[in-house]
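Structure below; questions to follow.
On a predicted model such as this, the values are computed, not experimentally measured, just so you know.
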Amino acid sequence: MDVRSQIAMVFHLDKCIGCHTCSIACKNIWTDRKGAEYMWWNNVETKPGTGYPTKWEDQDIYKGGWEKKNGKINLKGAGKRRGLVNIFYNPNLPVIDDYYEPFTYKYLDLIESPEGDDQPTARPVSLVTGKPIDIKMGPNWDDDLGGTPDYARNDPNMKNISPEEQEVMFQLEKMAFFYLPRICNHCLNPACVASCPSGAIYKRGEDGIVLINQQVCRAWRMCVTACPYKKSYYNWYTGKSEKCILCYPRIEAGLAPACMHSCVGRIRYLGVLLYDASKIEQAASVDEKDLVKSQLDIILDPFDENVIRAAKENGIADSTIHAAQFSPVYKFVKKWGLALPLHPEFRTLPMLFYVPPLLPVMATVKKVDNKEQSDKMHPAAKKWNDNWLYDTSTEELWGSLDQIRFPLKYIASLFSAGDEEMIKDKWKKLMAVRIHRRRVTVGDVSNEKAEEVLRDAGIDAETADAIYALTSLPKFEERFVIPAAHREQAIEMMDFTGDTKGDTGFGIKSQVKRGI
Amino acid sequence: MNYLDNFILIALPYLALAVFLIGTIYRYTNRKFQFSSLSSEFLEGRRLFYGSVPFHWGILFVFCGHLLAFAVPKAVLAWNSQPVRLLILEITGFIFAISMLVGLINLIIRRYTTARLKPVSNIMDLVVYILLLLQTIAGLWIAYNFRWGSSWFSTILTPYLYSIFKLQPDTSAVILLPWVVKLHIATAFIIIGIIPFSRLVHMLVLPLNYLWRPYQQVMWYWNRKKVRSSQTPWSLQRPKNT
C-alpha cells in the first residue's frame, strides 16, 4: 500500500444556480492576462449543451483521455509514439475558434467620437488581432440553452438517446437543464502529465495538485489534446500551456480556492482523500462498467488503523490524516456514496466529484384532460388548450424514476459511464433525505412512508440527517477542510520554490518573444 | 576575393560556432522561458499542416543526409560506388529538399497572410524565413547543377569541416568550389549563428527524453519518509526528491 493524499472536491449540483461567480473569481485572479483572455480555468456549463470548448466531451473529435486496447490503457490522441510522430503538427489540437476569439469593445469611441447625426457605437475588437470582428462565440454562449435548442441538441451525451426521446426532452413544457461547473480534475491518472513530451507537467506529491512548469514547457501542446476535459489551455502569447492550479498559493496558506470560496450557492466542498497510489494503473484499466467502482475502491478509509499506519510510514503529516478524517469529500464520495466523477470513461480517475442533480428530474409531466378546468374560466380569458400537468409533487418520484422528463440515460452518460442503476441509487438517497426531512420539519409525511423510503434507499435516519446537515447547513470550515500548512517543512525561506518545482503559470516576468 | 573567401570559410564558421555556443548556453540558463518555438497552431490550425509537416520532415532528412556525409564519408562513398545506389540517395535527398521548400513557402505565405499571426510574429521570424529560403534554393540549385553532391561533399567538404573543428582550417580544396556552394556554406553558418537569437532553439530541445521516462510524474518538496523521521538531522541540505 502506497498511501498518498489528494485534495479532492465535491460539487453538489442541486445547489448550483449557474451564477458564474466562481468563473469570475478565477478569471480576475489568474487569467486576466494577454494570451489567457479566452481561458476559463473554471467555467460553468449548461447541460444539456455543447460546453466549452464546443463539444469537448466528444473524444472522436478531440481524442482526449485514455483508451483501453488489448487490456492495456494508452493515450487516445497523444503518447510516446503518437506524440512524437505528430510533434510537427498536432492533428487533434483544438484551435481558438473551438473556444472563442476573445474580444473587447472600443468603449473610448463612445466618448471620443466627433459630434454627428448618429449615436456612436462601441465596436467589438478582437483581443488577438486588435481589429474589429464579428463575434461568433463568447464565454457561455450556450448558457441556459442560449435561447435555442441547437446547443442542447448537439450535446455529445445525446448520442445514446433516441430521436424520440430527444423530441420528448425538448418539448418546451418538458425542457429542463442544470449547470455543470468544471475545473481541472487534478486526476490520479492525468492524461496531460502522461502526454507532455518535455515532462513539464507534474502532480504534486503533497496534495496531488497538477501543475505545468512554465520554464520547461516547450509548447508541444500535447496536453491540450490529451486532457479529455480540455482543462489545459494553450497561451498563444507566451507559447506555454496553462491550467487550473487549484489556487495552490491559497491552499498552502490554508485558504479555500477562489472559485470555492466565492461560490454563492455553496455547492462546493473541498477536502483530503487518502488513496492507494500503487493501484492507480490497475484501477484505470478495468472494464468501463467497473470504472467508478474501481476508482472509489482505491480511496482509503482514513479511520482504518492500517491505513493510518501506512500513511504515517509514507510521511503523510498527522494534520493531513486528521483533515482526511473530517473531509466532507470522503463523506459524500465514500461514506454516503452520493457523488460520482464526471465522465469516468475517460479513465483519468478525476478527483472532482459531482452529486447528480435531482431537481431537473423532480418534476414530471402528466397527461391530463384540462377541458373541464378551462371551461370554468371566463370566456374572455385566454384558453389553454394543452393537456398536460406539470407535477412537482415530490412524493411520487419512486414510481416515476423511469418516466422522468430528463432521461436517466443522459445523466448516466455524464457521471457513471452509462450505468443507470448507479444514478438511480444516488437519486433515491437524495430523495429519501428530502422525504425524511419533510417528515421531521413539516410532518405531513407518514412515518411508515418515510421509513420505507429510507430503507429502500439503504440509509438510516441518522445518515439522512447528516447528509441534510452537510448539504444545507454547513459552515465554511465544514465545507473546506484544508490540512494545515507545515511551516517547518516549507522551503520558501531557504529556497525559491521555482528552483525545486518551477514556475507554474499565472503570469510571467520574462519577455515572451522568441527572438532578439 | 581572397579576403571574402577567407572570411566566409574561416572567420565566419568560428564566429558562428562561438556565438551559437555562448548564446545557446546563455539563453538556456538565463532565458529558459523562451527556449522553444512559439507555436501558432492554436491560432491557425489548418494551413499549418501543409507547411509544417512537409517542411519539418524534409529538413530533418536533408539535415541527416548532410550529417551522414560529415560523420561517415567513407561509408557514403562506398554506397555511392554503384550508380543505382547513388541515384537512389540523390533522388531521395532531392525529394525531401523539394518537400522542405514547398513547406517553407507554405509557412511563409501562411504567416504573412493570416491576420491572427501578426501579433505572434517578429523580425527574427522573417530573418529565419529568408535565410532558410535562400539556403533551400541554393541547396536545390547545387544538387541539380553540380552533381553528385553526396560524393563530392564527402571528399571535399568533410575534410574541410574536420579541419575547422581541428582548429587548423584548410580551405585549399573548398576555395575552388563555385560561388553558390560558398553561399550555401556561408548561409549554413549564419543559420547556426542565429539559432540562439531566434525560434530555431526549439530543435535543440527535441524531447527525446520522453521515450524513456514513465508516463506519470509526481514531485515532492522533500523526501517525505526522511523528513518525517526524527533521526533526520535538520540541515540546509535538503533530502533529495524521490
Note to self: With a 4.5 angstrom heavy-atom cut-off, is it the side chain or the backbone of Ser37(B) that approaches chain A, or both, or neither?
What the structure shows: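 Contact with chain A: backbone only.
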Next item on the list: Side-chain contact test, heavy atoms from C-beta onward, threshold under 4.5 Å: evaluate it for Asn90(A) versus Ser39(B) and give yes or no.
Entry: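 The answer is no; the side chains never approach within 4.5 Å.
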Next item on the list: Please look at Glu101(A) and chain B and tell me whether the side chain, the backbone, both or neither of the residue comes under 4.5 angstrom of a heavy atom of that chain.
Entry: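 The answer is the side chain of Glu101(A).
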Item checked: Closest heavy-atom pair and its distance - Trp236(A), Val120(B) ->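 Scanning both residues, the minimum pair turns out to be O-CG1, 3.5 Å.
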Notebook entry, point to check: Which bit of Val205(B) comes within less than 4.5 Å of chain A, counting heavy atoms only: side chain, backbone, both or neither?
Noted result: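 Its backbone and side chain both get close to chain A.
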Notebook entry, point to check: How are the rings of Phe88(A) and His56(B) set to each other: parallel, tilted or perpendicular (split at 30° and 60°)?
Noted result: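 Ring orientation, 0 to 90° scale: parallel.
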Margin query: Counting heavy-atom pairs under 4.5 Å with chain B, which one of Gly239(A), Ala191(A), Pro190(A) comes out on top?
Written below: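 The answer is Pro190(A).
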Check: Just wondering, more than 12 heavy atoms not from Tyr14(B) lying within 6.0 Å of its OH?
Finding: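 Check passes, neighbour count above 12.
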Next item on the list: Without swapping roles, check the side chain of Tyr237(A) against the backbone of Pro119(B) for a donor-acceptor pair under 3.5 Å.
Entry: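 Not confirmed, Tyr237(A) side chain does not pair with Pro119(B) backbone.
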Checklist line | Which portion of Val224(A) sits near chain B, non-hydrogen atoms under 4.5 angstrom | finding: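 Contact with chain B is absent: no heavy atom of Val224(A) under 4.5 Å.
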Note to self: Please evaluate residues Cys196(A) and Arg213(B) with respect to the criterion side chain to side chain contact (heavy atoms under 4.5 Å, CB included), reporting the C-alpha separation (whole Å), side-chain torsions for both, the decisive distance (0.1 Å), and the verdict.
What the structure shows: CA-CA 11 Å; Cys196(A) 180; Arg213(B) 82 162 163 87; 4.0 Å; yes
Notebook entry, point to check: Could you walk me through whether Leu43(B) and Val95(A) pass the side chain to side chain contact (heavy atoms under 4.5 Å, CB included) check?
Noted result: CA-CA 6 Å; Leu43(B) 295 174; Val95(A) 293; over 6 Å; no
Notebook entry, point to check: Side chain, backbone, both or neither: which part of Ile280(A) has an atom under 4.5 Å from a heavy atom of chain B?
Noted result: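 No part of it gets close to chain B.
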Check: Going from CZ on Arg218(A) to CG on Leu206(B), what distance comes out if it is rounded to the nearest 0.5 angstrom?
Finding: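 So the CZ of Arg218(A) and the CG of Leu206(B) are separated by 11.5 Å.
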Check: Who among Gly208(A), Ser195(A), Ala219(A) has the most heavy-atom pairs with chain B under 4.5 Å?
Finding: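 Top option by heavy-atom pairs under 4.5 Å: Ser195(A).
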Checklist line | Arg221(A), part contacting chain B, at a heavy-atom distance under 4.5 Å | finding: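 Arg221(A) touches chain B through side-chain heavy atoms alone.
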Note to self: Are the side chains of Tyr215(B) and Val193(A) in contact, using a 4.5 Å heavy-atom criterion?
What the structure shows: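 Not in contact.
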Next item on the list: Might you work through the side chain to side chain contact (heavy atoms under 4.5 Å, CB included) test for Lys203(A) and Gln217(B), ending with a clear yes or no?
Entry: CA-CA 6 Å; Lys203(A) 194 172 176 66; Gln217(B) 296 197 114; over 6 Å; no
Margin query: Quiz question: by atom type and distance under 3.5 Å, do the side chains of Asn189(A) and Gln216(B) form a donor-acceptor pair?
Written below: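 A donor-acceptor contact under 3.5 Å links the two side chains.
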Checklist line | Heavy atoms of other groups near Ile123(B) CD1, more than 12 under 6.0 Å | finding: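 No, because the 6.0 Å sphere around CD1 of Ile123(B) holds 12 heavy atoms or fewer from other groups.
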Notebook entry, point to check: How long is the span from the CH2 atom in Trp220(A) to the CD atom in Glu41(B), to the nearest 0.5 Å?
Noted result: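 The distance works out to 12.5 Å.
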Notebook entry, point to check: At a heavy-atom separation under 4.5 Å, does Tyr28(B) approach chain A through its side chain, its backbone, both, or neither?
Noted result: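 Looking at Tyr28(B), just its side chain touches chain A.
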Note to self: Are more than 12 heavy atoms, taken from residues, nucleotides or ligands other than Phe63(B), located less than 6.0 Å from that residue's CZ atom?
What the structure shows: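 Not buried by this count: 12 neighbours or fewer within 6.0 Å.
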Margin query: Just checking Phe42(B) against Tyr38(A), ring centres under 6.0 Å apart?
Written below: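 Here the rings of Tyr38(A) and Phe42(B) have centres that are less than 6.0 Å from each other.
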Item checked: Closest heavy-atom pair and its distance - Lys32(B), Lys240(A) ->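 Taking Lys32(B) first and Lys240(A) second, the nearest heavy atoms are O-NZ, 4.5 Å.
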Check: Does atom CZ of Arg81(A) have more than 12 heavy-atom neighbours from other groups under 6.0 Å away?
Finding: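 No, because the 6.0 Å sphere around CZ of Arg81(A) holds 12 heavy atoms or fewer from other groups.
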Margin query: With a 4.0 Å cut-off on N to O distance, would you call Asp97(A) and Arg116(B) a salt bridge?
Written below: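 Salt bridge present between Asp97(A) and Arg116(B).
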Checklist line | Whether over 12 other heavy atoms sit under 6.0 Å from Phe94(B) CZ | finding: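 More than 12 within 6.0 Å, yes.
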Check: Quick one: does Val218(B)'s side chain get under 4.5 Å of Arg204(A)'s, heavy atoms only?
Finding: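 SC-SC contact between Val218(B) and Arg204(A) ruled out.
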Next item on the list: Please check if atom NZ in Lys279(A) has more than 12 non-hydrogen atoms from other residues, nucleotides or ligands closer than 6.0 Å.
Entry: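 Not more than 12 within 6.0 Å, no.
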Notebook entry, point to check: Does atom CG of Asp134(A) have more than 12 heavy-atom neighbours from other groups under 6.0 Å away?
Noted result: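 Not buried by this count: 12 neighbours or fewer within 6.0 Å.
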